[in-house]
Amino acid sequence: MDNLYIEKLRRQVKEALKSDKMRFRHTIGVADTCACMAMRYGVDMQQAYIAGLLHDCAKCVPDEVKIRQCRKYNIYLTDIELKNEYLIHSKLGAFYAKELYGIKDEQICSAIKYHTTAKCDMSMLEKIVFLADYIEPYRNKAKNLEYIRNLAFVDIDKAVYEVLKDTIKYLKQSDRPIDTTTEETFNFYSKIINSTHIEERR
């Protein structure tokens with residue numbers, strides 16, 4: 001990896017997240033996990049590390065500023081996102097990656113954009129960032145975490161399915177709205193997992 005470039009990005013991200021020290025620690029955990037998963041699945045390690053490093057680059061922006069900037073830069077927000085501002089940082093973060101951090105790689109920007117909701121038919125990089133955000137070493141509250149951590153390095157599609165299943169279950173139990181993209185993605189990966197199991201039985 002280009003260590004000087006990575007260190008420059010790391011310093012920039014640390015400054016952007018200075019109001020939340022735990023957020024920066026989480027960010028480094030995600031970046032490191034992305035790099036490990038990249039080695040496992042044959043993805044460019046620097047590409048994965050950068051995506052992990054920048055995935056929450058808009059997280060510490062106040063909610064009202066997030067909404068205002070999305071409107072200013074024509075970043076479309078759904079009604080669910082407007083009512084659940086914690087979702088907005090993904091789309092704004094992808095914009096920041098391009099405009100503030102000079103990222104030209106569209107795959108990195110897409111992985112940042114969908115790391116919270118996921119999306120149907122994700123690229124390997126998108127799956128890696130989505131899962132790394134969930135399983136990085138400082139995460140400790142989610143159910144089935146150790147099982148999913150192991151699964152992420154064995155069957156990545158099944159791991160994505162399990163995270164989506166647990167996320168939707170948690171949102172329903174908390175009486176919180178579920179983003180339609182997340183529901184569609186869960187259905188997409190459910191079909192993949194079910195069809196794989198059918199093939200294995202034959």
J.: For the pair Glu126 and Lys119, evaluate salt bridge (charged side-chain N to carboxylate O under 4.0 Å, His left out) and give the outcome as yes or no after the intermediate values.
T.: CA-CA 9 Å; Glu126 288 166 340; Lys119 72 179 181 106; 3.8 Å; yes
J.: Counting distance only, does the side-chain N/O of Arg176 pair as donor-acceptor with the main-chain N or O of Leu171 below 3.5 Å?
T.: no
J.: If you apply the rule ring pair (Phe, Tyr, Trp, His ring centres under 6.0 Å), what do you find for Tyr114 with Phe130, and how did you get there?
T.: CA-CA 7 Å; Tyr114 292 105; Phe130 174 72; over 10 Å; no
J.: Taking atom CG of Asn187 and atom CD1 of Ile168, what is their separation to the nearest 0.5 Å?
T.: 7.5 Å
J.: Which value, rounded to the nearest 0.5 Å, describes the distance between Met37 atom CE and Asp32 atom CG?
T.: 13.5 Å
J.: Does the structure place the NZ or CZ of Arg40 under 6.0 Å from the centre of the six-membered ring of Phe153, at an angle of no more than 45° from the ring's axis?
T.: no
J.: Could you tell me the separation between the CG atom of Leu9 and the CG atom of Leu4, rounded to the nearest 0.5 Å?
T.: 11.5 Å
J.: May I ask you to check whether Phe186 and Tyr161 place their ring centers less than 6.0 Å from one another?
T.: yes
J.: Give a yes or no on whether the backbone of Gln107 and the side-chain of Asp105 come within a donor-acceptor separation of less than 3.5 Å.
T.: yes
J.: In this structure, would Tyr86 and Leu82 fall into the same cluster of hydrophobic residues linked by side-chain contacts under 4.5 Å?
T.: no
J.: Between Asp44 and Ala38, which heavy-atom pair has the shortest distance, and what is it?
T.: O-CB, 4.1 Å
J.: So does Thr27 get a backbone contact from the side chain of Glu136, meaning a donor-acceptor N/O pair under 3.5 Å?
T.: no
J.: Quick check on the 6.0 Å ring-centre criterion: do Tyr73 and Phe95 meet it?
T.: yes
J.: Looking only at atom types and distance, does a side-chain atom of Asp2 sit under 3.5 Å from a main-chain N or O of Tyr5, one as donor and one as acceptor?
T.: yes
J.: Given the rule that I, L, V, M, F, W and Y join up when any side-chain heavy atoms are under 4.5 Å apart, are Val129 and Leu54 in one cluster?
T.: yes
J.: Could you check whether Ser90 and Thr116, counting side-chain N and O atoms only, form a donor-acceptor pair closer than 3.5 Å?
T.: yes
J.: Can a donor-acceptor pair be found, under 3.5 Å and without considering hydrogens, that links the side chain of Arg149 to the backbone of Ile135?
T.: yes
J.: Within this structure, what is the CD-CG distance for the pair Glu99 and Leu92, rounded to the nearest 0.5 Å?
T.: 11.0 Å
J.: Mind checking salt bridge (Lys or Arg N to Asp or Glu O under 4.0 Å) for Asp133 and listing every partner two or more places apart, or none if nothing turns up?
T.: Arg139
J.: For the pair Glu81 (side chain) and Thr78 (backbone), establish whether a donor and an acceptor sit closer than 3.5 Å, ignoring hydrogens and angles.
T.: yes
J.: Identify whether Met39 and Ile28 are in the same connected component of the hydrophobic contact network (ILVMFWY, side-chain heavy atoms under 4.5 Å).
T.: yes
J.: Is there a path of hydrophobic side-chain contacts, each under 4.5 Å between heavy atoms of I/L/V/M/F/W/Y residues, joining Leu77 to Tyr96?
T.: no
J.: Do Lys91 and Tyr76 have side-chain heavy atoms sitting under 4.5 Å apart?
T.: yes
J.: Between Leu131 and Leu145, is there shared hydrophobic-cluster membership here, with clusters defined by ILVMFWY side-chain heavy atoms closer than 4.5 Å?
T.: yes
J.: Backbone N or O of Tyr147 within a donor-acceptor pair of the Asn144 side chain at under 3.5 Å?
T.: no
J.: Is a side-chain N or O of Asp56 found less than 3.5 angstrom from the main chain of Lys59, in a donor-acceptor match?
T.: no
J.: With rounding to the nearest 0.5 Å, note down the distance linking OH in Tyr49 to CD1 in Ile108.
T.: 13.0 Å
J.: Of the options Lys113, His89, His26, His115, which is the one that meets His55 in a side-chain hydrogen bond (donor to acceptor under 3.5 Å, both in side chains)?
T.: His26
J.: Charged N to carboxylate O under 4.0 angstrom, Lys169 versus Asp166?
T.: no
J.: Taking all non-hydrogen atoms of both residues into account, name the closest pair between Cys57 and Ala16 and its distance.
T.: O-CB, 4.2 Å
J.: Is any NZ, NE, NH1 or NH2 atom of the basic residue among Glu162 and Lys158 found under 4.0 Å from an Asp or Glu carboxylate oxygen of the other?
T.: yes
J.: Taking all atoms of both residues into account, what is the closest heavy-atom pair of Lys98 and Cys109, and its distance?
T.: CG-SG, 3.4 Å
J.: Does the salt bridge (charged side-chain N to carboxylate O under 4.0 Å, His left out) test come out yes or no for Glu64 and Arg68, once each step is laid out?
T.: CA-CA 6 Å; Glu64 64 274 13; Arg68 190 162 65 243; over 6 Å; no
J.: Is the closest side-chain heavy-atom distance between Asp155 and Asp157 below 4.5 Å?
T.: yes
J.: What closest approach, in Å, do Lys66 and Glu85 show between heavy atoms, and which atom pair accounts for it?
T.: CD-O, 4.4 Å
J.: Does Ile178 offer a backbone N or O that forms a donor-acceptor pair with the side chain of Thr182 under 3.5 Å?
T.: no
J.: I'd like to check Met122 versus Tyr189 (side-chain heavy atoms, cut-off strictly below 4.5 Å). Are they in contact?
T.: yes
J.: Please check if the side chain of Ser174 supplies one atom and the backbone of Tyr170 the other of a donor-acceptor pair under 3.5 Å.
T.: yes
J.: Compare all side-chain heavy atoms of Ile128 with those of Val43 and state whether any distance is below 4.5 angstrom.
T.: yes
